[in-house]
Amino acid sequence: MFELELFSNASARPSLPTGVTRLEGFALEWQDALLAALTQVIAAAPLRHMLTPGGQRMSVAMTNCGALGWITDRRGYRYAALDPRSGEPWPALPEVIRKLAAAAGLAAGYASFEPDACLINCYAPGARMSLHQDRDEQDFGAPIVSVSLGLPATFLIGGLTRRERPLRLPLAHGDVVVWGGPARLAYHGVAPVVDGLHPKLGRQRINLTLRRAGALKLNGN
DNA sequence: AAGTACCA
DNA sequence: AAAG
C-alpha cells in the first residue's frame, strides 16, 4: 500500500507542457542514413566552438546545414546563409533530415513543417546549454524539432519566463522533441552531458535542431 | 546533483 | 547577447 503508492508515484510520467511532444525512439529507423549524412555535412562545415556576444566560448561545438545556419559571435546571435569560417553556403539540408523533420512535425500535429535551418550541436561529456529561447527566427508559427543522437542527456524545458522551473526530460538516442504553438518560445536547455560510451557515436551527444528560420511561405508547401 | 546568487 |  504505502510502497505501492511510492512505486506508482515514481513511475508516473510527468505530463509535458502544452505544445511539447516527445517522440521516443522516433529517429531510430533513420539513424544510419542520418549518421552518414551528418558525416558529410561535418566534413564540409566542421564543428566549431562559437563565441557568445559576451566573448565566452560555448561548450557545445556547432555547425549547420540548410539554407540558413544559426551562428553567434561578438556581434550577436543571428542566422546566416554563409558559413563564416569558409565564406561558402552551408551544406544543403540532406534529404533524410528533411524527411525526418516532416515526419516528426506531422506526428506532433504540424501538417507541413519544412525547415530551412538545421543546427547541429555536438556535446562532449560535460558540455551543456543553459536555458534560452529560440527567438532569432522570422516567424514563430513553425515548431522546433529536436533530434537526439548518441549519449543520453537531460533536456530542460520550462515556460515563457525564466522564473518558471523547467521540467527535466531524459532524452536517449533516437528521441525527438517537438515544441510549438504556446510552447514555441519556451525556455529550454540541456544539463551537462554525463560521460559514457555510445555504441554508434562514442563519447558524444549530437543534437539536430530543425527550424524554419526565414519567412514562411504564404501558401504552404 | 541541483538550486541560487551574481556577474556588467 | 546570459545559447556564458
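Sequence lines set the chain letters: A, B, ... in the order given, protein chains first and strands last, and positions in each chain run from 1.
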Peer 1: Using the side-chain heavy atoms of A:Arg165, tell me which of these nucleotides is nearest: B:dG3, C:dA3, C:dA1.
Peer 2: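 Nearest to the side chain of A:Arg165 among the choices is B:dG3.
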Peer 1: Please give, in whole Å, the distance from B:dA2 P to A:Arg128 CZ?
Peer 2: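 Interatomic distance, CZ of A:Arg128 to P of B:dA2: 11 Å.
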Peer 1: Near A:Arg203 CZ, under 6.0 Å, is it more than 12 heavy atoms from other residues, nucleotides or ligands?
Peer 2: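 At most 12 heavy atoms, drawn from other residues, nucleotides or ligands, come within 6.0 Å of this atom.
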Peer 1: Count the heavy atoms belonging to other residues, nucleotides or ligands that lie under 6.0 Å from CD of A:Glu164, then report whether that count exceeds 12.
Peer 2: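 Atom CD in A:Glu164 is packed in, count exceeds 12.
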Peer 1: Could you check how far CZ of A:Arg211 sits from C1' of C:dA3, rounded to whole Å?
Peer 2: 9 Å
Peer 1: When all nucleic acid strands are considered with a 4.0 Å heavy-atom cut-off, which category describes A:Thr52: base, sugar-phosphate, or nothing?
Peer 2: sugar-phosphate
Peer 1: Taking only Lys NZ, Arg NE, NH1 and NH2, and the carboxylate oxygens of Asp or Glu, determine whether A:Asp32 and A:Lys200 approach each other closer than 4.0 Å.
Peer 2: yes
Peer 1: Can we call the ring centroids of A:Trp179 and A:Phe155 under 6.0 Å apart?
Peer 2: yes
Peer 1: What's the closest nucleotide to the A:Arg168 side chain, out of C:dA1, C:dA3, B:dG3?
Peer 2: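 Selected nucleotide (nearest to the side chain): B:dG3.
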Peer 1: Suppose we define a pair by two distances each less than 3.5 Å, Watson-Crick or G-U wobble; what does C:dA2 pair with here?
Peer 2: none
Peer 1: Using a cut-off of 4.0 Å on non-hydrogen atoms, how would the nucleic acid contact of A:Gly54 be classed: base, sugar-phosphate, or nothing?
Peer 2: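 Sugar-phosphate only.
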Peer 1: Could you tell me whether A:Asp134 contacts a base, only the sugar-phosphate backbone, or nothing, with contacts defined as non-hydrogen atoms closer than 4.0 Å?
Peer 2: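 It contacts base atoms.
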Peer 1: A:Ile157 has an atom CD1; how far is it from atom P of C:dA3, in whole Å?
Peer 2: 15 Å
Peer 1: Specify the separation, in whole Å, of atom CE of A:Met62 and atom P of C:dA3.
Peer 2: 11 Å
Peer 1: Tell me: CZ of A:Arg163 to P of B:dA5, nearest whole Å?
Peer 2: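 A:Arg163 atom CZ is separated from B:dA5 atom P by 9 Å.
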Peer 1: Would you state whether a donor and an acceptor, one from the side chain of A:Asp136 and one from the base of C:dA3, lie under 3.5 Å apart?
Peer 2: yes
Peer 1: Indicate the atoms forming the closest heavy-atom contact of A:Asn64 with A:Pro91, along with that distance.
Peer 2: O-CD, 3.5 Å
Peer 1: Could you work out which one of C:dA3, B:dG3, C:dA1 sits closest to the side chain of A:Met129?
Peer 2: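 For A:Met129, the side-chain atoms sit closest to C:dA3.
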Peer 1: Output the rounded distance in Å from CG (A:Leu156) to P (C:dA3).
Peer 2: 14 Å
Peer 1: Could you work out the separation of C:dA1 and B:dA5 based on their P atoms and round it to a whole Å?
Peer 2: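 Per the computed distance, 22 Å lies between those P atoms.
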Peer 1: At under 4.0 Å between heavy atoms, what does A:Leu51 touch on the DNA or RNA strands: base, sugar-phosphate, or nothing?
Peer 2: nothing
Peer 1: Could you tell me how far apart A:Arg57 (CZ) and C:dA2 (P) are, to the nearest whole angstrom?
Peer 2: 17 Å
Peer 1: In whole Å, I'd like the distance from the OH atom of A:Tyr77 to the C1' atom of C:dA3.
Peer 2: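 Roughly 5 Å, once rounded to whole Å.
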Peer 1: Does C:dA3 have its OP1 or OP2 closer than 4.0 Å to a side-chain nitrogen or oxygen of A:Arg162?
Peer 2: yes
